[in-house]
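See structure below.
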Amino acid sequence: MGVFRLKLAFISSFALMSGACATVSVYEPVTSEISLVASQSELQSASEAYCKTARAEQWASGEASLGGLAGLIMGKQQGPSLYATRIEAQTASPTAVINRVRADVQRARAGLDGVSTIARTLLASTTPSRDDVNEFERALIHARQSRASFEDALQHVNVRVPDRIELASALGPLDTSIATARRLADDLAAARSASPSS
C-alpha cells in the first residue's frame, strides 16, 4: 500500500510539473503583444511631448474655460494672452515681436507635422488604440490654442503700426498643418470605430 501511495504521489508531482511547463508555453506569445503596444504608444508619447512644449512656451493652456469659450463665440478678448504678455507684444519693438511670432509659428507647425507623420504611419500599419486617438486630439487642441495665441500677439502689434500684418499670411503655414491634422484625427477615430475590438 505504501508503494502505491508513493507512485501516486510521483504521478501527481509529474502532472503538476507538466502543467507548469504548459503554463509557460501558453504565455510565450505575450512578447509580441507587448511590442505591438509599445509601437502604438509612439504616437501617444509624441503627442504628449508636443502638448508639454506648447504649455511650457505658453502658446497653449490645454484647458478651455467658460470665459474663454464665451470670448471666442462673441469675438471678444479679455486682455492679452499669456503668450502675448510673455513676449511683450504690447510694448516691445514690433519687429522683434513679429520675428518672434513667426519663429514660434514655424516651431509649432514643425512639431505638429512631426506628430502627424507618426499618426499617418500608425494608421497605415495597425488599428489605433483609444489612447492614440485621444492623445492626438489633445495635440490638435494645443495647436489650435497656439494659433489663437499667435494671432492675439500679432493683433496687439497691429494696433501700434501703420502697416498691419496680414494674419492669414503669417499664420497660414500653421493653419495648413492644423487642417491636415484635423483630417488625420478624423481618420484615426474612424479606423478605431471600424475595428471589431473597439
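For clarity, every value in this text was computed on a predicted model and none was experimentally measured.
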Under 3.5 Å: donor-acceptor pair, side chain of N134, backbone of D131: no
Donor-acceptor contact present, side-chain R160 to main-chain A92, <3.5 Å: yes
Residue list, side-chain contact (heavy atoms from CB on, under 4.5 Å) with T53, at least two apart or on another chain: E57, W59, R107
Residue D163 excluded, over 12 heavy atoms near CG under 6.0 Å: no
Point-to-point distance, once rounded to the nearest 0.5 Å, from CG of N158 to CG of L167: 5.5 Å
Straight-line distance of R130 CZ to R192 CZ, nearest 0.5 Å: 4.5 Å
Path from I141 to V133 over hydrophobic side-chain contacts below 4.5 Å: no
S47 side chain vs L43 backbone, donor-acceptor pair below 3.5 Å: yes
Test item: E42 side-chain N/O and I118 main-chain N/O as donor-acceptor pair under 3.5 Å: no
Distance-minimising heavy-atom pair for A84 and H156: CB-CD2, 4.0 Å
Side chains of Q44 and S129 in contact at under 4.5 Å (non-hydrogen atoms): yes
Residue from R147, K52, E137, R55 passing side chain to side chain contact (heavy atoms under 4.5 Å, CB included) with H142: R55
Heavy-atom pair with the smallest gap, counting every atom of A153 and A89: O-CB, 3.7 Å
Side-chain ion pair, R183 and D187, N-O less than 4.0 Å: no
Test applied, side chain to side chain contact (heavy atoms under 4.5 Å, CB included); reference residue, V97; option that passes from T91, I165, V157: V157
Closest heavy-atom pair and its distance - P173, R109: O-NE, 3.4 Å
Side chain to side chain contact (heavy atoms under 4.5 Å, CB included) between Q58 and S81, worked out: CA-CA 9 Å; Q58 294 185 332; S81 62; over 6 Å; no
Side chain proximity check, Q155 to R164, heavy atoms < 4.5 angstrom: yes
Gap between atom CZ of R100 and atom CG of L154 - 0.5 Å precision: 12.5 Å
Closest contact, heavy atoms only, V115 versus A46: CG2-O, 3.7 Å
L122 side chain reached by L188 side chain, heavy atoms, under 4.5 Å: yes
Qualifying residues under side-chain contact (heavy atoms from CB on, under 4.5 Å), relative to A143, sequence neighbours excluded: Y50, L112, I178
L174 CG to R144 CZ distance, which is reported to the nearest 0.5 Å: 11.0 Å
Main-chain N/O of L140 paired to R182 side chain as donor or acceptor, under 3.5 Å: no
Minimum heavy-atom distance Y83-V101, with the two atoms named: OH-CA, 3.5 Å
Donor-acceptor pair between S149 and D152 side chains, under 3.5 angstrom: no
From L171 atom CG to E166 atom CD, the distance as rounded to the nearest 0.5 Å: 10.0 Å
Single-linkage hydrophobic cluster, 4.5 Å side-chain cutoff, F136 and L123 together: yes
Of all pairs that satisfy side chain to side chain donor-acceptor pair (under 3.5 Å), the ones with a partner from residues 115-125, not counting sequence neighbours: none
Q145 side chain to S61 backbone, donor-acceptor under 3.5 Å: yes
